[in-house]
**Student:** 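I have a structure here, written as structure tokens, and I will follow up with some questions on it.
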2 protein chains.
Amino acid sequence: MTRPSEITRERIMKSAERLFAERGYDGTSIRAIVTKARVNQAAINYHFDGKDGLYREVLREAFRTLTAQQLEHADEMKALSREAALTAFIRRQLHPLLARDESSRHMRIFNWETVRPTTVFRKLLSEEAAPFMGLAVELVRRFQPEADERTSMAAAVWLLGQCSVFLRNREQLAEPPMGLVLDEAAVDWLADTISRWAAGGLGRRA
Amino acid sequence: MTRPSEITRERIMKSAERLFAERGYDGTSIRAIVTKARVNQAAINYHFDGKDGLYREVLREAFRTLTAQQLEHADEMKALSREAALTAFIRRQLHPLLARDESSRHMRIFNWETVRPTTVFRKLLSEEAAPFMGLAVELVRRFQPEADERTSMAAAVWLLGQCSVFLRNREQLAEPPMGLVLDEAAVDWLADTISRWAAGGLGRRA
DNA sequence: ACTTTTTTCAAACCGCTGTTTGAATTTTAA
DNA sequence: TTAAAATTCAAACAGCGGTTTGAAAAAAGT
């Protein structure tokens, strides 16, 4: 691997990540990417074997860093009470709301995939989502130790849905008739509130 | 209004609704629409003033029929207990899971909009979502009569999120590592389960 | 019956898409 | 220093996108 080629590779990846997050796969032209990255148009085909290949790389990277954020804290969560662990989990899920950083871009790329999943994405999910889902299932199991597998899985998905609806519709929620502006303080409040509601729901007998 | 022109209008609308639901706005070409509808290509520009105009019509229609489904039952819900009303509401929200009918297509069209809302959609939402959101807020208020406005709104969104995560990710959820196959029986179970969890969460002190 | 309006139609237009090409340039290795 | 490999580059290619056009056909009005 030579140095200069790595540089253009990185420039392309960075620009592509931003544009894919903003406009989605179809909405992003390779001309837009190479202009932003200030590299030649053919570079994408040379380094990534086409637009598909580039997208695959961006997707893998996004998935890796997003789930890593939760998996890193798996151990310390075991030391917490189930309520505290739940709050910590939800807070981390809501993290993309706090900053317009890498994590919020990655989240947006995923949102595009939920409407019409690419085969690349489907495969990625079925191969690598297990650890993350395991974490969520483990968490809800602490509230419902006697629940069967399907119930636990549904509860985990249910929990994630409570977060994703705020992540996904942030802009819409800020406007009327909702008027839910999610600034930093509001996100703190939201994380606590969701935790309480979720814990209340799971706490009762299933 | 002449009869034959109404017929081609309807054919275009029907085909467009299906294709927009399946592939989204950008993913649907007017050539695909006119082929499916078996009308001339220029008909879209003639009847709808372009692809944008056609999409606007489809969107309005989808929104109208979707929210109508809940609003129709607003009165009878007042006669039910809060728990029963919640279950009925959630069951109706999950209805697109039960049949591959109009409602599930309309839901898909909306899902496309959540990633990158069209200005048409933004306007539609801010103008016409109030009655529907009002219904949801009213419902959660029965569990938390003392809650402030922001909390009630957040609770309503929270509630909708618990449903939409299953609506949106149906296909993904069926595959490993989740393995949640949502057939008719499973949807019944899911509606009950979500209602119980949501009621449990809202029931406690906010 | 005839005129006017509405509606359909095939063809063309023009801009944008992802990819390919083959030569020029740079980097690496001997 | 020199030969080979890797990388960059501008240009062209082929196909699809939404829209426009102007004439033909059908329908409505008189």
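Proteins come first, then strands; the chains are lettered A, B, ... in the order of their sequence lines, and each starts at number 1.
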**Student:** Please list, chain by chain and in numerical order, all residues satisfying side chain to side chain donor-acceptor pair (under 3.5 Å) with D101(B), sequence neighbours excluded.
**Tutor:** S103(B)
**Student:** Distance check needed: dG18(D) P versus I33(B) CD1, whole Å only.
**Tutor:** 8 Å
**Student:** Using atom CG of L19(A) as one end and atom C1' of dT17(C) as the other, report the distance to the nearest whole Å.
**Tutor:** 15 Å
**Student:** With a 4.0 Å limit, can you tell me whether H47(B) has a side-chain N or O closer than that to the phosphate oxygens OP1/OP2 of dT6(C)?
**Tutor:** no
**Student:** Is it true that E128(A) and R60(A) have a side-chain N and a carboxylate O under 4.0 angstrom from each other?
**Tutor:** yes
**Student:** Pairs under 3.5 angstrom, nitrogen or oxygen only, protein versus nucleotides 19-22 of chain D, please.
**Tutor:**
| unit_1 | atom_1 | unit_2 | atom_2 | d |
| --- | --- | --- | --- | --- |
| dT19(D) | OP2 | K51(B) | N | 3.0 |
| dT19(D) | O4 | Q41(B) | OE1 | 2.7 |

**Student:** Rounded to whole Å, how long is the line connecting atom CG of L54(A) with atom P of dT17(C)?
**Tutor:** 15 Å
**Student:** Ignoring hydrogens and angles, state whether a donor on the side chain of D148(B) or T151(B) is under 3.5 Å from an acceptor on the partner side chain.
**Tutor:** yes
**Student:** Rounded off to whole Å, could you give me the CG-to-P distance for the D26(B) and dG18(C) pair?
**Tutor:** 12 Å
**Student:** Looking at residues at least two apart in the chain, or sitting in another chain, which of them share a side-chain contact (heavy atoms from CB on, under 4.5 Å) with K36(B)?
**Tutor:** S15(B), R18(B), L19(B)
**Student:** Taking atom P of dT6(C) as reference, at what distance in whole Å does atom CZ of R9(B) sit?
**Tutor:** 16 Å
**Student:** Separation of E6(A) atom CD from dT8(D) atom P, in whole Å?
**Tutor:** 10 Å
**Student:** With a 4.0 Å limit, can you tell me whether T8(B) has a side-chain N or O closer than that to the phosphate oxygens OP1/OP2 of dT8(C)?
**Tutor:** yes
**Student:** For H106(A) and E17(A), does a side-chain donor sit closer than 3.5 Å to a side-chain acceptor?
**Tutor:** yes
**Student:** Do R91(B) and S195(B) have side-chain atoms, one donor and one acceptor, less than 3.5 Å apart?
**Tutor:** no
**Student:** Would you tell me if any nitrogen or oxygen in the side chain of S29(A) comes within less than 4.0 Å of OP1 or OP2 on dT17(C)?
**Tutor:** yes
**Student:** Measure CZ/R11(A) against P/dT8(D) and give the value in whole Å, please.
**Tutor:** 10 Å
